[in-house]
Each structure stands twice: as C-alpha cells, then as structure tokens.
Amino acid sequence: MKLEPIVVSLLDTDLYKFNMDQVIFHKHTDLSGEYYFKCRNNDVVFTEEMAEEIEAQVDHLCTLYYTKEELDYLRSIRFIKDDYVEFLRLYHPIREYVEISLSDEGELSVVVRGPLFSAMQFEIYLLEIINEVYFRMKYDYNVLLESAKERLDKKLEAFNSGKYNFKFAEFGCRRRLSREWEDEVVKRLAFETENCIGTSNVYLAMKYNLTPIGTYAHEYVQMYQGIDSIPLAYTNHYAMKDWYDEYDGDNGTALTDTITTDLFLLDFNRSMVNNYSGVRHDSGDPYEWGEKMIAHYKKYGVDPKSKLLLFSDSLDFDKAQALYDTFKDRTKVSFGIGTFCSNDTCEKALNIVIKLQYVNGRPVAKLSDTPSKAMCRDEGYLEYLKRSVDFRIDREK
C-alpha cells in the first residue's frame with residue numbers, strides 16, 4: 001500500500017518552529033541537537049510496511065523547498081525577519097539527518113541528528129507522517145473519516161448553540177488523522193463558528209487567511225541546558241532574555257513548565273512580567289496553575305485582566321469551557337486545542353512525541369509539572385537537573 005505524499009509544503013508545520021528557529025539562527029548557530037521519537041501509548045505495533053512507507057515519505061519530504069509564495073507569506077508575519085527568510089530560501093530538509101528503524105517487536109525508532117537550526121524543523125513533519133501512515137495502514141481510513149466528520153458536526157452545533165463560548169486556536173497538525181482532514185477541520189471551525197481565532201499550522205493559516213498562532217516550545221528552553229556557560233537552574237532566564245531581545249516584547253507568551261513552573265516564577269520577575277503578554281500551561285493541574293499565575297501577577301501590581309492565560313494540555317472542548325468559566329472574569333483566557341480537533345475518531349489517538357534529548361553532546365531534559373511527562377535518555381542527568389532545580393527553589397523561595 002503506497003500513499004500519496006503526506007507533506008507537500010514546508011509551511012505545513014507549527015508557527016513556533018519558525019519563531020524558535022529564528023532565535024537560533026541569530027544567536028545559537030553553533031548548537032547541534034539530537035531528537036528522539038517516543039510513542040506513549042501501550043501495545044502500539046508498527047509493521048515493516050508502515051516503516052517502509054514512513055521512509056518513503058521522509059524521502060519525499062527532503063525534496064521540498066520553500067516556494068516564492070511561501071517565503072513572501074513568511075515575510076508578511078510581522079516578527080519574522082528578512083535575513084531569516086533569506087536563509088529559508090536556501091534551506092531544505094537533509095535526509096541524512098534522519099535515522100529510522102524497527103525492532104522485531106514492532107517498536108518504531110526515529111532519531112534526528114544535526115545542526116539545531118536544521119534538525120529542529122523535522123519534528124512536526126515526522127509526527128505528521130508517522131501518525132497518518134499509522135492510521136491509514138492500521139485501520140479502514142474511510143470508517144475513521146466518517147466518525148471524525150460526525151464528531152466535528154456535533155462540535156460545530158455546540159458552538160453555534162451557545163454551549164461553548166470560548167475562543168481557541170487549532171493546534172492539531174502533529175497528531176492529525178491526515179493532511180486532508182486537518183484542512184477540513186480548520187476550514188469549518190474558522191468559517192462556521194466565531195470561536196476559532198487561528199491555527200498553529202502556517203500553511204493552513206496562509207491558505208485560509210487566518211492568524212498563525214504560536215510562540216515557543218519546551219525544546220527552546222531545553223537547548224540552553226546544552227550551553228556550558230549557563231547554570232542549569234537559570235536556563236529559563238536566558239531563554240526569556242534571548243526571546244525578548246529577538247522580538248522586542250512582541251510574540252510574547254511564555255511557556256512555564258519546562259523545568260517546573262515553580263522555578264519559572266523565580267525568573268518571571270517584574271521586568272519579564274511586563275515584557276510578556278501572557279503565559280502558556282502545558283502540564284500539571286490547570287486550575288492550580290491559573291491561580292498561581294494570577295497571584296504572581298498581583299504580586300507585581302499587574303492587573304491579571306491585562307494578561308493572557310493560554311491553556312494547551314490535552315484539552316477537549318468541555319475541559320476548555322470549564323476553565324474559561326473559572327477564569328474569564330479575572331484574566332484573558334484562550335486555548336490551544338490539538339488532537340481533539342484533528343484526530344477525534346472512533347479509534348484512540350496516538351500520543352506520540354519527538355523530543356530534544358542532546359545538545360552539543362550533552363543530555364537535556366524536560367521536567368514538566370506532570371512527572372510522567374518528563375523525558376530524558378540519561379537518568380543520572382535527569383536526577384542532577386532535579387537537584388539543581390530544587391536547590392535554587394529552596395534557596396530563593
């Protein structure tokens with residue numbers, strides 16, 4: 001079973017990949033990285049046929065370049081700079097950076113190694129490919145698609161009836177059922193409701209004249225762990241400083257949980273509170289986190305109603321509505337909703353990730369506010385990082 005090309009445009013990725021890459025291009029071109037694939041579901045088996053199709057899809061991906069129209073669109077985004085776009089004119093994914101293998105038990109291994117400014121771009125493309133190959137080759141795709149359509153119809157009815165009244169962005173490209181289905185979802189959510197304010201998918205934002213949404217991911221803070229001159233417990237400080245220097249306060253929603261929100265708050269001082277328009281939640285109890293962030297803003301005399309709380313951790317619309325009802329009168333609230341938009345079918349979605357694990361040969365890690373989401377290939381380093389974080393929190397709290 002051979003599939004049509006899954007990725008047909010290099011814009012078919014999350015906006016934050018460009019945001020982060022621009023900082024790396026301007027400030028950290030000396031960094032190299034290693035990314036590793038992980039499927040968090042139990043008992044998922046990939047077949048040899050699937051692995052061969054994934055290989056073929058990656059081969060096709062690495063033939064792509066940006067078109068003039070795509071480069072012009074990137075220039076139109078107010079915080080993307082001309083010199084970075086000129087770099088992208090020359091860029092294309094390099095096949096030798098990606099290694100794919102399959103164990104006898106059907107466990108898929110994918111590793112990306114290369115200069116960080118290039119290796120980092122593979123993550124979303126690879127997840128799109130792996131997810132679509134799996135669902136097309138494991139199941140009857142037409143049955144999945146029919147169930148997805150039925151569920152989307154019900155969601156649209158719920159928005160238009162007033163059951164849901166919050167604003168959100170579609171964040172679903174990394175675990176989508178297929179390219180064609182995410183396209184349909186974004187189009188219908190954007191034009192059949194007044195609630196979808198944009199999408200993280202840059203290609204679909206361009207196609208439908210929507211706002212591309214995104215700032216940075218955990219890998220951005222993690223990469224600072226690989227820089228010798230930066231103490232581990234201060235990586236948030238340097239990451240936020242470089243981000244502010246690059247964007248002058250624009251594009252400013254900070255992700256709090258890479259090495260725990262409690263540590264983040266030590267660096268989210270009066271200056272940073274004022275410099276950033278809001279914060280994003282991606283692990284831990286969202287209600288506790290929201291209260292903690294509101295209290296932190298008040299500590300510095302900042303009106304929480306002037307700041308944004310963006311929730312993005314495994315949300316469905318019911319969870320989002322409950323959070324909105326809790327916080328809407330006290331602060332700005334929005335949501336990034338992914339898999340529930342782009343891969344809600346009669347079959348369970350895959351929970352797949354590709355995470356940065358080494359920078360310049362040194363291990364790096366995400367701690368998260370949910371311990372089970374921590375990911376590191378070096379247990380000794382992970383424990384050392386935890387001790388470094390705990391030491392600073394105990395010393396400065």
Side-chain angles (χ1 to χ4, degrees), residues 5 7-35 58-98 111-129 173-174 199-207 211-224 226-227 238-253 255 354 356 358-360 364:
V7 179
V8 297
S9 167
L10 293 179
L11 288 189
D12 188 10
T13 188
D14 282 326
L15 176 66
Y16 66 26
K17 281 294 171 179
F18 297 105
N19 299 341
M20 294 184 290
D21 202 37
Q22 181 169 270
V23 178
I24 295 169
F25 174 71
H26 285 144
K27 298 178 181 294
H28 299 293
T29 53
D30 59 327
L31 300 182
S32 61
E34 295 184 26
Y35 290 78
V58 175
D59 289 344
H60 175 265
L61 167 70
C62 293
T63 67
L64 299 177
Y65 285 83
Y66 290 98
T67 67
K68 181 180 185 302
E69 178 189 19
E70 292 167 344
L71 294 168
D72 288 344
Y73 177 75
L74 289 172
R75 281 193 188 89
S76 75
I77 299 174
R78 66 182 184 276
F79 43 76
I80 301 296
K81 300 176 181 178
D82 283 344
D83 64 337
Y84 176 59
V85 177
E86 286 303 307
F87 159 71
L88 292 179
R89 184 192 297 274
L90 304 174
Y91 167 83
H92 76 100
I94 297 175
R95 183 63 178 87
E96 288 76 14
Y97 292 168
V98 184
V111 183
V112 182
R113 296 185 179 91
L116 196 58
F117 62 80
S118 183
M120 72 172 304
Q121 294 289 10
F122 277 96
E123 177 201 3
I124 306 301
Y125 306 132
L126 290 173
L127 291 174
E128 291 170 338
I129 288 168
C173 59
R174 68 182 55 224
T199 175
S200 65
N201 186 312
V202 183
Y203 176 79
L204 294 177
M206 179 182 73
K207 181 176 180 179
T211 302
I213 305 288
T215 50
Y216 65 83
H218 299 101
E219 65 183 297
Y220 174 69
V221 181
Q222 284 179 251
M223 77 180 189
Y224 288 84
I227 300 174
Y238 288 93
M240 286 192 290
K241 183 178 183 301
D242 277 355
W243 195 267
Y244 181 76
D245 289 346
E246 179 71 24
Y247 294 109
D248 283 335
D250 198 357
N251 198 19
T253 302
L255 179 62
I354 294 176
L356 181 63
Y358 296 93
V359 172
N360 285 1
V364 300

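One is the number of the first residue; the rest follow in order along the sequence. Just so you know, these numbers come straight off a predicted model, no measurement behind them.
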Tyr73 and Glu69, any side-chain heavy atoms less than 4.5 Å apart = no
Relative to the ring of His28, is the ring of Tyr224 parallel (under 30°), tilted (30 to 60°) or perpendicular (over 60°)?
-> perpendicular
For the pair Gln222 (side chain) and Leu356 (backbone), establish whether a donor and an acceptor sit closer than 3.5 Å, ignoring hydrogens and angles.
-> yes
Check the pair Ile80 / Val85 against side chain to side chain contact (heavy atoms under 4.5 Å, CB included), numbers first and verdict last.
-> CA-CA 7 Å; Ile80 301 296; Val85 177; 3.6 Å; yes
Side chains of Leu74 and Phe18 in contact at under 4.5 Å (non-hydrogen atoms) = yes
Non-hydrogen atoms of Thr13 and Tyr125 that approach each other most closely = CB-CE2, 3.8 Å
Nearest 0.5 Å, what's the NE2-CZ distance between His26 and Phe87?
-> 10.5 Å
Find the distance between CG (Leu15) and CD1 (Ile213) and round it off to the nearest 0.5 Å.
-> 8.0 Å
Do the side chain of Asn19 and the main chain of Tyr216 share a donor and acceptor less than 3.5 angstrom apart?
-> no
Could you state the interatomic distance from OG1 (Thr199) to CG (Leu204), rounded to the nearest 0.5 Å?
-> 5.5 Å
Kindly give the heavy-atom pair with the smallest separation between Ile94 and Phe122, and that separation in Å.
-> O-CZ, 3.3 Å
If only atom types and distance count, is the side chain of Ser118 paired as donor or acceptor with the main-chain N or O of Pro115 below 3.5 Å?
-> no
4.5 Å side-chain heavy-atom contact, Lys81 and Glu246 = yes
For the student: nearest non-hydrogen atoms of Pro93 and Cys62, plus distance | O-CB, 3.3 Å
Can you tell if the side chain of Leu10 reaches within under 4.5 Å of the side chain of Leu61, non-hydrogen atoms only?
-> yes
For Leu90 and Tyr65, work out which heavy atoms get closest and say how close.
-> O-CE2, 4.0 Å
Can you list every pair that meets salt bridge (Lys or Arg N to Asp or Glu O under 4.0 Å) and has a residue in residues 213-223, with sequence neighbours left out?
-> Lys17-Glu219
Take atom NZ of Lys241 as the centre, draw a 6.0 Å sphere, and report whether it contains more than 12 heavy atoms from other residues, nucleotides or ligands.
-> no
Report the distance from atom CG of Asp21 to atom CE of Met120, rounding to the nearest 0.5 Å.
-> 5.5 Å
What distance separates Asp72 CG from Met206 CE, expressed to the nearest 0.5 Å?
-> 10.0 Å
Any side-chain donor paired with an acceptor under 3.5 Å for Ser9 and Glu70?
-> yes
When rounded to the nearest 0.5 angstrom, what distance separates CG in Asn360 from CG in Asp30?
-> 6.0 Å
Partners meeting salt bridge (Lys or Arg N to Asp or Glu O under 4.0 Å) with Asp83 (sequence neighbours left out) | none
What is the ring orientation for Tyr84 with Phe25, classed by angle as parallel under 30°, tilted 30 to 60°, or perpendicular over 60°?
-> tilted
State, with a plain yes or no, whether a side-chain heavy atom of Val58 is found less than 4.5 Å away from one of Ile129.
-> yes
Please assess Glu86 against Asp82 for the test side chain to side chain contact (heavy atoms under 4.5 Å, CB included), listing each intermediate value before the final yes or no.
-> CA-CA 6 Å; Glu86 286 303 307; Asp82 283 344; 5.6 Å; no
Taking every heavy atom of Cys173 against every heavy atom of Asp14, the minimum-distance pair comes out as SG-OD1, 3.1 Å
Is there side-chain contact between Tyr35 and Arg113, with at least one heavy-atom pair below 4.5 Å?
-> no
So do the side chains of Ile354 and Leu127 get within less than 4.5 Å of each other, counting heavy atoms only?
-> yes
Can you name the nearest heavy-atom pair linking Val7 to Glu128, along with the distance?
-> CG2-OE1, 3.6 Å
Residues two or more places apart in sequence or in another chain: which of them pass salt bridge (Lys or Arg N to Asp or Glu O under 4.0 Å) with Asp12?
-> Arg176
Determine, step by step, whether Val221 and Met240 satisfy the side chain to side chain contact (heavy atoms under 4.5 Å, CB included) criterion, reporting the C-alpha distance in whole Å, the side-chain angles of both residues, the deciding distance to 0.1 Å, and the verdict.
-> CA-CA 8 Å; Val221 181; Met240 286 192 290; over 6 Å; no
Taking the inter-plane angle between the rings of Tyr66 and Tyr91 on a 0 to 90° scale, is it parallel (under 30°), tilted (30 to 60°) or perpendicular (over 60°)?
-> tilted
So, the side chain of Gln22 versus the backbone of Phe79: is there a donor-acceptor pair under 3.5 Å, distance only?
-> yes
With a 4.5 Å limit on heavy-atom distance, are the side chains of Thr215 and Tyr220 in contact?
-> no
Check the pair Ser200, Tyr16 against side chain to side chain contact (heavy atoms under 4.5 Å, CB included), reporting the backbone distance first and the verdict last.
-> CA-CA 8 Å; Ser200 65; Tyr16 66 26; over 6 Å; no
